[in-house]
Amino acid sequence: MLSLEMTHRMNASHVGTCLSMADILAVLYAGVARVDPARPDWSDRDRLILSKGHGAAALYAVLARVGFFDEARLESFCGDGSLLMGHASHQVPGVEFSTGSLGHGLSLACGTALAALRQASRRRSFVILSDGECDEGSTWEAALFAPHHRLENLIAIIDYNGLQSFGRIGDVLGLEPFADKWRAFGWRVLEIDGHDHCQIRAALDSVPDDEGRPTVVIARTVKGKGVSFMENALEWHYRAADEDQLRRALAELGSQA
Amino acid sequence: MRTAFIDMLTAEAGRDKSLFLLTADLGFSVLERFRDACPDRFLNVGIAEQNMIGVAAGLAHSGFTVFAYSLVNFATLRCFEQIRNDVCNHDLPVRIVGVGGGMVYSTQGYTHHGLEDIGVMRTLPGMVVLAPGDPHEAAEATRLLCTDRRPAYLRLGKSGERRIHASSVNFEIGRAITVAEGRDCTLISTGCMLAYALDIADRLRADHSVHARVLSMHTIKPIDVDAVTAAARETGAVITVEEHSVGSGLGSVVGDLIATHGLGPVAFTKFGTPDGYRSGAGTHDHLRGLMGNLEDVVIDLLRRKGATQRGTRLLP
């Protein structure tokens, strides 16, 4: 709901993607990830990387809600001089890496996961990818790397909402059989409903893997989830809600809360 | 130079447990000594340069100082955006190490000739760009990069480069080294062209009684402003010498500096590969020959300068 207001205020893009992964972020930060908002630089914290950096509004909202910074700062989202830019920025407390160009995050997470193993730390690396960024070859370079080096402390979560920038995944560049691809690369694969908090929680709590594999959670989601006129509609990758749409959207989400 | 690099890095890694070396599957007969000495801080990531830089950034973010090694073009051009977004934007201590600067992999052809790497690396925010002129400089550059925290690009040659300096050299990042004194013009050289520039300086003196100052400009960014301005003011003629495209390398940096620092009339030209240059097959000497003759370029510049500036020392 905060993301809706933030994007509405500055007529910003990407509200659909914020809604598709809002449940994943909420579960991740509400008890799964070992982070301390009072100590964002705590060395043994889990590392959370939003590879799909265009979902920044949702990430900032969650970070503010759990206490990394004052929620009032969300009002500056995309504003002149604000640190809260439209793609994830590491200048914001709680954000590990700036992202926005797709296909970077899984490699970064491989690096932080490898570092933890070499430093004998139990910290885990979580990375949230979009389905669309699995078009990027760099994603698959990292997908080869992680199982080879037995990065059991790495968890990739794919927000599989089925829509990319200019069309449906299956029409633009098909990913199926998606789970089989990851299995073939050597990953432990979990397929869940990405809006079911119990399933999300169970999946994210199931690492590290006993067999030393990295884990990929393919989370089936709905772009624009919870707002009837935004669900599965490509235009909400770009549009922001006007006053009337915002009121209706908040009412729909409020009734579900 | 590769040997000087890896010997120094291996020695430093014995003392500093934060040093990590990644390679994108290159370094046969070079990197083994580091791998054997520090196996827990060495990784061959495979032929995947984009992933190498992302992994390097993740390691550096977690406390390591990371050297990422490959051929010049693979280490810079293939993964340029990862260097920009993942390394530079986060000010991480990742050192991109490119071997084969210029056309030292001569017979391998166009794909293996690094002629734009300085140009692209120097555009990146906060990036230190180093191209040492001999093995001693390469060793010192490596040593300093073990403690410097800035993102950096280290452009190396290959092997067999002539040693210019004595056993040690006073090497500071951002401070050019005066290798030969002279008052008639200055050859500002970067990378492996240093030995060639010195040879040309000898010929200029012998053939034309022209005394050329020779600088090893091992740091392209941040450039040594004082050394360039002193060269311009004191010798009146500056020639940059690089095995790199003249459209974006050292020559462009020095030209900008001369133009923006109010240095008055300075004769200036750039020696390197012109835009549109397509290196073909052949030995390194053959390919360098296609760049032209530096001695002729210098004499031509000084003649033109003499034609427009009365009262200066004129060539016959």
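Here is how names work: the chains are called A, B, and so on, in the same order as the sequence lines, proteins then strands, and each is numbered from 1. All of these numbers come straight from a predicted model, not from anything done at the bench.
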key: Any donor-acceptor N/O pair, B/H61 side chain to A/L108 backbone, under 3.5 Å   = no

Checklist entry - Would you call B/F64 and A/L114 a side-chain contact if the rule is heavy atoms closer than 4.5 Å? => result no

Bottom line for B/I53: the part with an atom under 4.5 Å from chain A's heavy atoms is neither

Closest non-hydrogen contact found for B/F20 with A/R118 is CZ-NH1, 3.5 Å

If one checks every heavy atom of A/Q119 against chain B at 4.5 Å, the contacting part turns out to be side chain

>> Under the criterion side chain to side chain contact (heavy atoms under 4.5 Å, CB included), I'd like the reasoning laid out for B/L92 against A/F97: C-alpha separation, chi angles, the key distance, then a yes or no.
In response: CA-CA 11 Å; B/L92 291 172; A/F97 285 98; 4.3 Å; yes

Note to self: Quick check on A/R150: does its CZ atom have over 12 non-hydrogen neighbours (other residues, nucleotides or ligands) under 6.0 Å away?
What the structure shows: no

Shortest non-hydrogen pair, B/L59 vs A/G111, comes out as CD2-O, 3.6 Å

Is it the case that more than 12 heavy atoms not belonging to A/R45 sit under 6.0 Å from its CZ atom? yes

Do B/M52 and A/S107 have side chains that get closer than 4.5 Å, going by heavy atoms? no

**OP:** Give a yes or no on this: more than 12 heavy atoms of other residues, nucleotides or ligands lie within 6.0 Å of atom CG of B/D275.
**Re:** no

Under a 4.5 Å cut-off applied to non-hydrogen side-chain atoms, are B/E81 and A/H104 in contact? yes

Ranking B/N51, B/I47, B/V55 by heavy-atom pairs under 4.5 Å to chain A gives rank one to B/N51

Within a 6.0 Å radius of atom CZ on B/R175, are there more than 12 heavy atoms belonging to other residues, nucleotides or ligands? no

So NE2 of A/H90 and CG of B/D91: to nearest 0.5 Å the spacing works out to 6.5 Å

Should the heavy atoms of other residues, nucleotides or ligands under 6.0 Å from CZ of B/R78 be counted, would the total exceed 12? no

Here the pair of heavy atoms bringing A/H149 nearest to B/L43 is CE1-CD1, 3.4 Å

Minimum side-chain heavy-atom gap A/S98-B/H90 below 4.5 Å: yes

What one should report as the nearest heavy-atom pair of A/S138 and B/Q82 is CB-NE2, 4.1 Å

(request) Check the surroundings of atom CZ in A/R34: do more than 12 heavy atoms from other residues, nucleotides or ligands lie under 6.0 Å from it? (result) yes

Do the side chains of B/V45 and A/F145 get nearer than 4.5 Å, heavy atoms only? yes

